[in-house]
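The basis for the numbers below is simple: all heavy atoms, side chains too, and nothing from hydrogens, waters or symmetry mates. Letters A, B, ... mirror the listed sequences (proteins, then strands); counts begin at 1. Model, not experiment: these values are computed from the prediction.
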Amino acid sequence: MTGLYVHVPFCAHKCDYCDFYSVAGRLDLVDSYIEAVITEASHYRGQSFDTLYLGGGTPSILGAKNLEHLVTSIKAALDVQKFNEATIEVNPDSASLELFEAALKNGINRISIGVQSLADAELKCVSRIHTAEQALTAIGMAAAAGFHRISVDVIIGLPGQTWQALFSTLDRIIMQPIDHISIYCLSLEHETPLALHPPADLPSDDDQADLFVQARDFLQNNGFVHYEISNFARPGCECAHNLNYWRGGEYVGLGPAAASHLHGRRFKNRADLSAYINDPCGVVEDSEELGGEKKLAEEAILHLRLLMEGLDVKNMISGFNPQHTARLTRRLDMLVTEGALLFDGAVYRLAPSAVLISNTVFCRVLPD
Amino acid sequence: MENIRNFCIIAHIDHGKSTLADRILELTGIVHTTGGEQILDSMELERERGITIKAKTVRMPYKAGDGKDYILNLIDTPGHVDFNYEVSRSLQACEGALLLIDASQGVEAQTIANANLAIDSGLKIIPVINKIDLQGAQIDDSLLQLEAMLGLSMDDALLISAKNGTGVVELLEAIVVRIPPPKGDEKAPLSCLIFDSYYDAYRGVIPHVRVFDGSVAAGDKIIIKSTGKTFDVEEVGYFCMRLIPAQKLQAGDVGYIVALVRDAGEIHVGDTIISGAFPQTPAIPGFRHSQSMVFCGIYPLSTNDYGKLQDSLQKLQLNDSAIAFEKESSAALGHGFRVGFLGMLHMEITIERLQREYEQELIATVPSVVYKVVNLKGNELLIDNPSKFPAPAEIDHIEEPIIRARIIVPPEYVGAVMELSLSKRGTMVSMEHPDGKRVLLVYDFPLAEVITDYYDKLKSVSRGYASMDYQFNGYKTGDLVKVDVLVNNDLVDALSYVAASETAVRKGRALVHKLLKLIPRQQFKVPIQAAIGGRIIAREDIAPIRKDVLAKCYGGDISRKRKLLEKQKEGKKKMKMIGAVEVPQEAFLSLLKIEE
């Protein structure tokens, strides 16, 4: 299974907390960006792809016409007829029936909407440029256009957020025609406006932990499966593209700042739109091919993020040095003894109580 | 010998010693302009802290006003109270001393201490008032203080500005005219004093010596007086910013001897080197092994590095024989060393050097003095590590080392200094007013109170004006208790400390609170307690960590996330595992940083 990711680095406005690569207010560069993506894509012609994910930035800002051009050109350049799963991220403020219909027509079968919150005050606090009503409308339009697979993103730990407020958001979201929810913790990323001027009423880590646990319990009680640390889905509705990341699978990322994992090598494009437009195939950086114990630990950690599926050491040891595998197993068994991991005789899983301190646990999975 | 002048510069910190040395080096043509970099303070740490740790020596040719050629040997001395013994040995190698006083600061406590050392050693003193170019220069006051506080004649004083060179030529002339040439008998058996040494990776320990009698040359056999060990001399020579080999060193000379001495323990400052042919030659008086006043535990962060730490300490000792160390082990920290220092500055510098020059990841424990613990059977135990104290029920009484401190402070700060001193269990011995501008306070303090933060606090309550000098003044019974610290219910011996009964509980609470802030939250609740005997005097709990998770959208950039985890793991590696608790290195020194 191989995935294809396309990074669309345009936004109408940067949100205060976001450290993903995008440029605001440069839609004049969209045409040359799409040409560059096509050039980069043609580089991978002959490679088969199972999933497509248009992420950002704000892919929906492209509008129906550009989106259609982008997707048909990529398919042509790669000689791909169809993707089993093709997702586009949509920001409520740039959602439209026209866009959804164009997406559906071009083989996109899944929508991920950046709802974040259904409290307007919370949205405003982190400079989101849409309202709760716009978000609900976007979901309704996507469903009306014919999408059966709709996911929403929700941020917890927004300034001043209480469980009552978060509950109110989640309670209304699960009533919508959606099958997947990603829950992200608001974090202060280096140099972002939020980190530079953090609001006084930012929930503490402990408050965030409380919110997360309550949100998890609520979603589980309402039929969602907590299948990855940040992801909940109705049974069978997991995101195939993202599952591939956590299973250690291969994927190609197109566009500036997009990451790839191909033929055992991980690399990414430089986060620089104009450099990318100038030379779409010449901005690779941070290329690394992990081997041995590090590679093994990385795979183990990725698998452990999958809370239901977990890590089946026997299934992943092919190709790894048995000594490395033995050492890994010893480290995992120690964590089982301490209660951070569960082991059923075949598969290691993060204990529910360890999910929110999983970095602490993963550090111990890394080799010394 | 007639045309040799051996001299040193004694001064308080910041009174311009290094600047003066640089000017003299320039005037004698040893170096060209220095561009602001001080030449003799070559150790990185010395430059940063603006102090001289190791003595250094320079031999300079000088054509004096009388038309004759002279050899001037400048012997640099360490400038801090911790290094009194080293200072006294450097002084012994000289016939004269420049007593440097900053005209804007006047005579300071340390100036008095070192001047008295020089006078007692029979040196010819040349008083030098420096920084006369400054706006705030109080030349007349400084001259008056010379007479009142040191008994030196103000008529003898030279007025200079080392910074712009005013009066420095006159100073060189005064050195030639006023300081007597060395005395000694070139024909007598060899007798020379070791006043410093350093370690060269290829040539072993190289002692810096002053030859008093006889001569020494390559091929000679020499004996180190205190150990009786014999060595073959490979090379002798002078210091002239680097080592300049010479045919021989003879009476009156200052220079170095290379004799392939591999073990630093063979060469001690103050020892005598004599001729192999005359083993009965007496030692130069005054030699003693330097006495450690402050002790702390030094442990490798990773137990695997024990050998490396031992190696580093040995190498450091080659350069600094005042460091004493022996093996010790701690239940909490494993195998390490108990290291003795001349004082707190010496300890701080040594730890920094181990970390920087030897790249040691280490844990230093809270410094302790040597207590005399007398048990019920009347046995007297000398204990330099609080964790080795007997149980309270076995102790009859405890005696602690006392120092006598001389503090000079402007009158307006006397009240603040007295208040501070009282809080540090000081007792006033005397108060004098040598002039209207300064008060000389003499206090006795428990050394333990002074080694923590007394000096910093003294500086702060006097806005930097107070200066202090001290010397050991015997032992005295104190009302003392040992306080233990428990982390996650395990006693951590490396955190134990001794305190006066009246402050033990307050300190215990403050320490527990400090540890609460320093120790990161763990996967489980961690109680931190302080206890005297079996009685808990303070407790706080570190709540378990609730959130340490990557729960954000991150696309396919797996490498970045792995690197973040690796960085986090590296951070954890810098912590010490106490049972199952990760404790950061600085926690072991947190007693020094508590806010009382």
Side-chain angles (χ1 to χ4, degrees), chain A residues 3 5 7 20 53 55 153 155-156 182-187 189 204-210 212-213 229-230 241-242 244-246 248 251 253 257-261 266-268 286-288 290 294 297-298 301-302 305 338-340 354-366 368, chain B residues 300-306 308 334 361 487-490 516-526 540-584:
Chain A
Y5 175 81
H7 191 73
F20 283 93
Y53 198 103
D153 290 351
I155 295 180
I156 67 166
S182 299
I183 303 272
Y184 299 128
C185 293
L186 185 70
S187 53
E189 299 298 331
S204 67
D205 277 359
D206 285 8
D207 293 339
Q208 277 201 4
D210 286 337
F212 192 97
V213 168
I229 291 174
S230 281
H241 182 85
N242 287 339
N244 183 48
Y245 292 155
W246 299 310
Y251 47 92
S260 302
H261 181 210
R266 293 192 186 276
F267 54 93
K268 66 187 283 194
D286 292 344
S287 175
E288 66 174 8
L290 287 189
K294 271 194 171 181
E298 183 181 271
I301 288 168
L302 287 170
R305 291 191 69 97
E338 292 172 21
V355 170
L356 285 180
I357 54 164
S358 49
N359 280 354
T360 310
V361 178
F362 293 158
C363 278
R364 310 250 323 263
V365 175
L366 289 173
D368 287 317
Chain B
L301 182 60
S302 153
T303 45
N304 297 335
D305 287 344
Y306 174 80
K308 210 175 121 199
E361 289 277 6
V487 173
N488 202 25
N489 302 312
D490 289 333
L516 177 80
K517 303 271 174 223
L518 278 174
I519 298 176
R521 292 166 69 178
Q522 316 277 320
Q523 280 166 259
F524 41 88
K525 182 174 88 176
V526 178
E540 293 200 50
D541 292 341
I542 301 174
I545 187 166
R546 296 282 318 281
K547 178 174 169 268
D548 176 24
V549 63
L550 182 71
K552 66 181 285 241
C553 180
Y554 61 97
D557 196 353
I558 309 281
S559 298
R560 176 156 171 247
K561 303 308 158 191
R562 195 199 77 246
K563 284 173 188 160
L564 286 176
L565 281 176
E566 282 173 353
K567 205 171 146 199
Q568 186 174 347
K569 187 178 180 92
E570 279 306 306
K572 285 177 185 286
K573 274 194 195 161
K574 292 196 186 295
M575 308 238 195
K576 187 75 193 175
M577 295 303 292
I578 298 294
V581 182
E582 290 163 345
V583 178

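Side-chain contact annotation: A:E288 with B:S559, donor-acceptor N/O pair under 3.5 Å present.
Here the CG atom belonging to B:L565 is positioned 13.5 Å from the CZ atom belonging to A:R364, to the nearest 0.5 angstrom.
Top candidate by heavy-atom pairs under 4.5 Å with chain B, chosen from A:L290, A:D286, A:I183, A:V213, is A:L290. The candidate with the highest count of non-hydrogen atom pairs below 4.5 Å against chain B, out of A:C185, A:G55, A:G253, is A:C185. Ranked by heavy-atom pairs shorter than 4.5 Å toward chain B, the options A:V361, A:I156, A:D210, A:N244 are led by A:D210. The candidate from B:Q568, B:K572, B:R560 with the greatest count of non-hydrogen atom pairs under 4.5 Å with chain A is B:Q568.
Residues forming a side-chain contact (heavy atoms from CB on, under 4.5 Å) with B:E566 (at least two apart in sequence, or on another chain): A:K294, A:L366, B:R562, B:K563. Residues that satisfy the side chain to side chain donor-acceptor pair (under 3.5 Å) test with A:D368, not counting sequence neighbours, are B:K569. Residues passing the side chain to side chain donor-acceptor pair (under 3.5 Å) test with B:D541, sequence neighbours excluded: B:R539.
Contacts between A:Y5 and chain B at a heavy-atom distance below 4.5 Å are absent for every atom of the residue. Of the atoms belonging to A:V365, not a single heavy atom falls under 4.5 Å from chain B.
Side-chain contact between B:I558 and A:H261 is absent, with no heavy-atom pair separated by less than 4.5 Å. Contact check for A:R305 versus B:L550: side-chain heavy atoms found under the 4.5 Å cut-off.
Scanning residues 542-549 of chain B against chain A with a 4.5 Å non-hydrogen threshold yields B:I545, B:R546, B:K547, B:D548, B:V549, sorted by number.
Here the options are A:I357, A:D206, A:T360, the test is side-chain contact (heavy atoms from CB on, under 4.5 Å), and the partner is B:R521; only A:D206 passes.
More than 12 non-hydrogen atoms from other residues, nucleotides or ligands lie less than 6.0 angstrom from NZ of B:K573.
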